[in-house]
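Note sheet for the following structure.
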Amino acid sequence: MTEQETFDVIVVGGGPSGATAAHDLAKAGRKVLLLDKAGRIKPCGGAIPPRLIRDFDIPDHLLKAKVRSARMISPQDKQVDMPIKGGFVGMVDREEFDEWLRQRAEQSGAVRRNGLYIKIIRDADGVPVVHYQCRDGSHAMGHARGRIVIGADGANSVIARQEIPGAEKTKFVFAYHEIIESPKDDEDLAKRCEIYYRGSLSPDFYAWIFPHGDTMSVGTGSARKGFSLRHSVADLRALTGLDNVRSIRSEGAPIPLKPLKRWDNGRDIILAGDAAGVVAPASGEGIYYAMLGGRLSAEAAESVLQTGDGRALANARKRFMKLHGRVFWILGIMQYFWYSSDKRRESFVNICRDPDVQRLTWEAYMNKELVRTDIMAHVRIFFKDLAHLFRLVSP
């Protein structure tokens, strides 16, 4: 490689967000470098809604399972099933799914390299030069110039901390899961997610069992220091009779709690995905929001390439928050209140029995839009919520 090698856009990070940005830009005819350190798999339940499948052209063969219901399990082991009427949630294995997205970007024309991002140094013209360590066995240092750099390098984004003011203040939930073999004698579990709201399994989040066809993800998350995620998963496996099932791999990683206040430097650096903090509170869902963030960042980069006005990078965050900021705010309040004690978790699971709650929850999740048309359903839920709250605060 020579110092003269210049790309329109360098994307650092090959997860769903970075791979989507690289694919979109390369498909539009831009010269793109996709720089990714191989070998990392994010701990993730792997749920993707129909909106993602449609918007990002995900083929059916990547869906390891099609979930038709979710079972919510309370601290007192009360179980509430929430069926998905007329639809499903797709389940993917992140190892296969992320690699397929990277391959698609490469097939669209992106140059793909394995490398560990080190830093950005600007050349005499002020153009960012990305320095990285090659992961091809040589450990040689590489570098490439890029008119725009998209930092999609995860929750602990080095690019964010180096280039975006305030990024170092990000707060995290830490997630851990184990991929295990699926039991052969439970066909229902292959079509159902199980979500455990129990302080012993997570003091401020939840634990889960998500099917992936021949395998399943068993995991939990928490922001509380000192809470053992590994012990929690071991307890969950013992509780559900999965402790004797063969383990395949395990992964852990931080998950950002909310979107950063700023995603760009107003010139030539923009963040996407976990680096930008786009993981939904309460649910922890991130794949759809990461891919949308990657697409919006790619569109903002394209605008800068066409006009030379770096201020256009800010449009990515503005558009994202206009679409989903209200949902993130509501989910943040919900997590803060309902996940704060087992008494409240018990009440929360009980609320999920309500048909209006189930229908509106699934419609919003599947389509990534708040359901605004059924006003009376929202009114009914509001008064039911009040009844639960008064019971919670009563002596």
Side-chain angles (χ1 to χ4, degrees), residues 1-38 98-99 101-136 138-154 157-160 162-164 263-276 290-291 293-316:
M1 189 191 316
T2 67
E3 290 188 13
Q4 285 71 40
E5 185 179 30
T6 300
F7 294 86
D8 293 316
V9 180
I10 298 175
V11 181
V12 180
S17 184
T20 298
H23 164 70
D24 286 1
L25 286 161
K27 190 176 179 181
R30 293 297 179 180
K31 186 178 180 183
V32 179
L33 172 62
L34 177 58
L35 181 68
D36 182 61
K37 59 177 183 179
D98 290 15
E99 177 59 19
L101 292 174
R102 290 189 287 268
Q103 289 179 2
R104 180 167 70 171
E106 188 174 21
Q107 291 164 3
S108 297
V111 176
R112 182 179 168 189
R113 294 201 180 112
N114 289 335
L116 175 64
Y117 169 85
I118 303 298
K119 60 184 176 181
I120 291 173
I121 297 178
R122 299 182 183 277
D123 64 13
D125 296 324
V127 178
V129 179
V130 172
H131 290 247
Y132 61 94
Q133 184 182 58
C134 298
R135 289 294 184 93
D136 57 4
S138 68
H139 300 291
M141 296 302 297
H143 44 85
R145 301 170 77 244
R147 296 171 60 190
I148 304 291
V149 176
I150 297 178
D153 51 335
S157 170
V158 179
I159 290 179
Q162 290 177 350
E163 301 289 335
I164 308 299
W263 293 3
D264 69 280
N265 68 349
R267 182 180 177 184
D268 47 25
I269 310 291
I270 184 169
L271 306 177
D274 280 9
M291 294 179 73
R295 175 156 291 173
L296 294 177
S297 293
E299 291 174 357
E302 176 65 28
S303 179
V304 175
L305 292 171
Q306 291 182 13
T307 67
D309 187 352
R311 293 174 297 180
L313 293 177
N315 291 334

| message | Regarding K31 and D8, does a basic nitrogen lie under 4.0 Å from an acidic carboxylate oxygen? | response | no
| Validation row: R102, L34 side chains within 4.5 angstrom (heavy atoms) | yes
| Do any N or O atoms from the side chain of K37 and from the backbone of Y117 form a donor-acceptor pair under 3.5 angstrom? | no
| request: Show the numbers, then the answer: is there a side chain to side chain contact (heavy atoms under 4.5 Å, CB included) between I164 and W263? | output: CA-CA 7 Å; I164 308 299; W263 293 3; over 6 Å; no
| query | Got a sec, which residues hit side-chain hydrogen bond (donor to acceptor under 3.5 Å, both in side chains) with D24, two or more places apart in sequence or on another chain? | reply | R295
| S157 (side chain) donor-acceptor with A275 (main chain) under 3.5 angstrom | no
| field | Minimum heavy-atom distance between I148 and A301, given as atom pair plus value | value | CG2-CB, 3.9 Å
| task | Dump the intermediate steps for side chain to side chain contact (heavy atoms under 4.5 Å, CB included) on E5 and L33, then the final yes or no. | result | CA-CA 10 Å; E5 185 179 30; L33 172 62; over 6 Å; no
| request: Kindly give the heavy-atom pair with the smallest separation between A110 and A26, and that separation in Å. | output: N-CB, 3.6 Å
| request: Identify the two heavy atoms, one from S17 and one from G273, that lie closest to each other, and give their separation to 0.1 Å. | output: OG-N, 3.1 Å
| task | Work out which heavy atom in A298 is nearest to a heavy atom in L25; give both atom names and the distance. | result | O-CD2, 3.5 Å
| query | Looking at P16 and L101, what are the two nearest heavy atoms and their distance? | reply | CA-CD1, 3.7 Å
| task | State which residues pass salt bridge (Lys or Arg N to Asp or Glu O under 4.0 Å) with R311; sequence neighbours excluded, sorted by chain then number. | result | D309
| Once you round to the nearest 0.5 Å, how far does CG of D36 lie from CG of D98? | 8.5 Å
| What pair of heavy atoms forms the shortest contact from S297 to L271, and how long is it? | OG-O, 3.0 Å
| request: Drop me the distance from L35's CG to R113's CZ, to the nearest 0.5 angstrom. | output: 8.5 Å
| query | Out of curiosity, L116 CG to N114 CG, how far, rounded to the nearest 0.5 Å? | reply | 11.0 Å
| query | Is a side-chain donor or acceptor of N265 paired with a backbone partner of D268 at a separation under 3.5 angstrom? | reply | yes
| For K27, does the NZ atom have more than 12 heavy-atom neighbours from other residues, nucleotides or ligands under 6.0 Å away? | no
| remark: To the nearest 0.5 Å, atom CG of L313 lies from atom CG of L296 at 12.5 Å
| said: Measuring from atom OH of Y132 to atom NE2 of H143, what distance do you get when rounded to the nearest 0.5 angstrom? | reply: 8.0 Å
| task | For residues H131 and I121, determine if any side-chain heavy atom of one lies less than 4.5 Å from a side-chain heavy atom of the other. | result | yes
| field | Any side-chain heavy-atom pair of V9 and L305 under 4.5 Å | value | yes
| Partner residues of E302 under the side-chain hydrogen bond (donor to acceptor under 3.5 Å, both in side chains) criterion, sequence neighbours left out | R30, Q306
| said: Looking at D123 and V129, would you say the former's side chain and the latter's main chain have a donor-acceptor pair under 3.5 Å? | reply: no
| task | Check step by step if side chain to side chain contact (heavy atoms under 4.5 Å, CB included) holds for D125 and R145. | result | CA-CA 11 Å; D125 296 324; R145 301 170 77 244; 4.1 Å; yes
| query | How about Q107 and Q103: does a side-chain donor come under 3.5 Å of a side-chain acceptor? | reply | no
| Pairwise distance CE(M141) to SG(C134) - rounded to 0.5 angstrom | 8.0 Å
